[in-house]
Amino acid sequence: MIIVGVDGSRTGLDAAGWAATEAALRQVPLTVAHAVPKWVCEEIDGHYAEVGRWLREGAKSVLISARDRALRERPEITVETVLLPGDPRSALVKVSENAELLVAGSRGVGGVRGLLVGSVAYGIAAHAVTDVVLVRARPSTPRGEIVVGVDGSPGGVRALGFAFAEAELRGTRLRAVHAWAWPHPSGFEPADRDSELDLSRELDELLAGHRERHPGVEVVAEVVHGHPVEVLREAAAEADLLVVGTHGRSQFAGMLMGSISQAMLHHAPCPLAVVRRDRV
């Protein structure tokens, strides 16, 4: 099952469309979810009764619109709707515990002007136990390519597996990008040919097993000198999907996401998959 959280915004509808395609590819049902304050879901009397009914009707309209968008995108899938009580972040995290994937728009109707990722999107990306896809914009002319950031960490290895599986499902090329730059007090050390060759060999070793399991996937492997955020943002321009892990190398203990995955929440130019390191 795939769950998509919607809120009536355009990005929410785009997320429903993206999730419908993913559900069709995986041949699983889709659940469209919308959260409202807990009291709205309860039958109450008195002054707030009419307000509660009005809010429930509005919530039903949001769910119907998103369901219709999903079915327009992929009419062959099974779509259910669910109204969740409570804060949308905790409600979506809870309901998605047994889902294959949780999908949401990157910024909804409650977003603060100027922010590139909303609080709900950030909350589910940080706390969900399943893999998360945030849909900011679907490229108008996709180039038929999935981009994955690779760093050799456990989270990066699982992100690589997710990306290979997605590329196989979609019949697209996979671009595996390892960005590197040695820190220096004034910035970064200049590119070093020997270091780049060593990293290229490491990347080839990481890719080898996945290539065997997914022999039909065309793979482009790149080692690029530069800051990972800038490198990945450039590599993912017009891509179908950018995939990152939740924890990379040299992350502080206790952080819910690595610094690169957090940065890509704000800077990804296409739908972003945040892959859990320990997801079973």
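Val229 and Leu265 fall within a single hydrophobic cluster, where Ile, Leu, Val, Met, Phe, Trp and Tyr side chains are chained together by heavy-atom contacts under 4.5 Å. Criterion: ILVMFWY side-chain heavy atoms under 4.5 Å apart, direct or through other members. Under it, Val219 and Leu169 are not part of a common hydrophobic cluster.
For the atom pair Lys60 NZ and Leu83 CG, the distance stands at 8.5 Å (nearest 0.5 Å). Expressed to the nearest 0.5 Å, how far CG of Leu13 lies from CD of Glu73 amounts to 11.0 Å. Here the CZ-CG distance, from Arg74 to Leu25, works out to 5.5 Å after rounding to the nearest 0.5 Å. To the nearest 0.5 Å, the span separating CG on Leu206 from CG on Asp151 amounts to 9.0 Å. Of the inter-residue distances, the one linking Ile124 atom CD1 with Ser90 atom OG reads 11.5 Å to the nearest 0.5 angstrom. Distance check: His227 NE2 to Ile260 CD1 gives 5.0 Å after rounding to the nearest 0.5 Å.
Across Thr31 and Val82, no two heavy atoms sit closer than the pair CG2-CG1, 3.6 Å. Nearest heavy-atom pair across Ile3 and Val95 is CD1-O, 3.2 Å. The two residues Leu242 and Cys270 come nearest to each other via the heavy atoms N-SG, 3.6 Å. The two residues Leu84 and Ala33 come nearest to each other via the heavy atoms CD1-CB, 3.8 Å. Across every non-hydrogen atom of Ala121 and Gly105, the tightest pair is CB-O, 3.7 Å. Leu207 approaches Ala221 most closely through the heavy-atom pair CD1-CB, 3.6 Å.
Looking at Arg136, its side chain does come within 3.5 Å of a backbone N or O of Ala268 through a donor-acceptor pair. A donor-acceptor distance shorter than 3.5 angstrom exists from the side chain of Asp131 to the backbone of Arg276, with no hydrogens or angles considered. Formation of a donor-acceptor pair under 3.5 Å by the His34 side chain with backbone atoms of Val6 is found in this model. The backbone N or O of Val244 lies less than 3.5 Å from no partner atom in the side chain of Ser261, so there is not a single donor-acceptor pair. The backbone N or O of Gly12 lies less than 3.5 Å from a partner atom in the side chain of Ser9, making a donor-acceptor pair.
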### Task
Could you check Asp240 against Thr172 for side chain to side chain contact (heavy atoms under 4.5 Å, CB included), going step by step and ending with a plain yes or no?
CA-CA 9 Å; Asp240 295 352; Thr172 60; 3.7 Å; yes

### Query
Run the side chain to side chain contact (heavy atoms under 4.5 Å, CB included) check on Ile64 and Thr81 step by step: do they pass?
CA-CA 8 Å; Ile64 290 170; Thr81 61; over 6 Å; no

### Message
Run Asp198 and Arg201 through salt bridge (Lys or Arg N to Asp or Glu O under 4.0 Å) and show every step you take.
### Response
CA-CA 5 Å; Asp198 289 341; Arg201 284 191 289 268; 2.3 Å; yes

#### Entry: Check against side chain to side chain contact (heavy atoms under 4.5 Å, CB included), Val220 and Arg173
CA-CA 8 Å; Val220 177; Arg173 180 174 57 246; 3.6 Å; yes

### Task
Take Val150 and Leu203 through the test side chain to side chain contact (heavy atoms under 4.5 Å, CB included) and record every step on the way to the result.
CA-CA 8 Å; Val150 182; Leu203 180 56; 3.8 Å; yes

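Annotation: salt bridge (charged side-chain N to carboxylate O under 4.0 Å, His left out) contacts of Arg175 (sequence neighbours excluded): Glu145, Glu222. Checked against salt bridge (charged side-chain N to carboxylate O under 4.0 Å, His left out), Lys38 has no partners two or more places apart in sequence or in another chain. Residues meeting the side chain to side chain contact (heavy atoms under 4.5 Å, CB included) test with Ala159, sequence neighbours left out: Val148, Val243, Val275. Considering only residues two or more places apart in sequence or on other chains, Glu230 meets the salt bridge (charged side-chain N to carboxylate O under 4.0 Å, His left out) condition with Arg233. Under the side chain to side chain donor-acceptor pair (under 3.5 Å) criterion, Asp87 pairs with Arg89, not counting sequence neighbours. Scored by the salt bridge (charged side-chain N to carboxylate O under 4.0 Å, His left out) test, Arg26 finds Glu22, Glu100, Glu166 as partners (sequence neighbours excluded).
Within 6.0 Å of CD on Glu76 lie more than 12 heavy atoms contributed by other residues, nucleotides or ligands.
Salt bridge annotation for Glu57-Arg53: absent, with no cationic side-chain nitrogen under 4.0 angstrom from a carboxylate oxygen.
Between Trp18 and Ile2 the shortest side-chain heavy-atom distance does not fall below 4.5 Å. Side chains of Leu101 and Phe162 form a contact here, defined as non-hydrogen atoms less than 4.5 Å apart.
Between Phe164 and His210, the ring planes lie parallel to each other; the angle is under 30°, not in the 30° to 60° tilted range.
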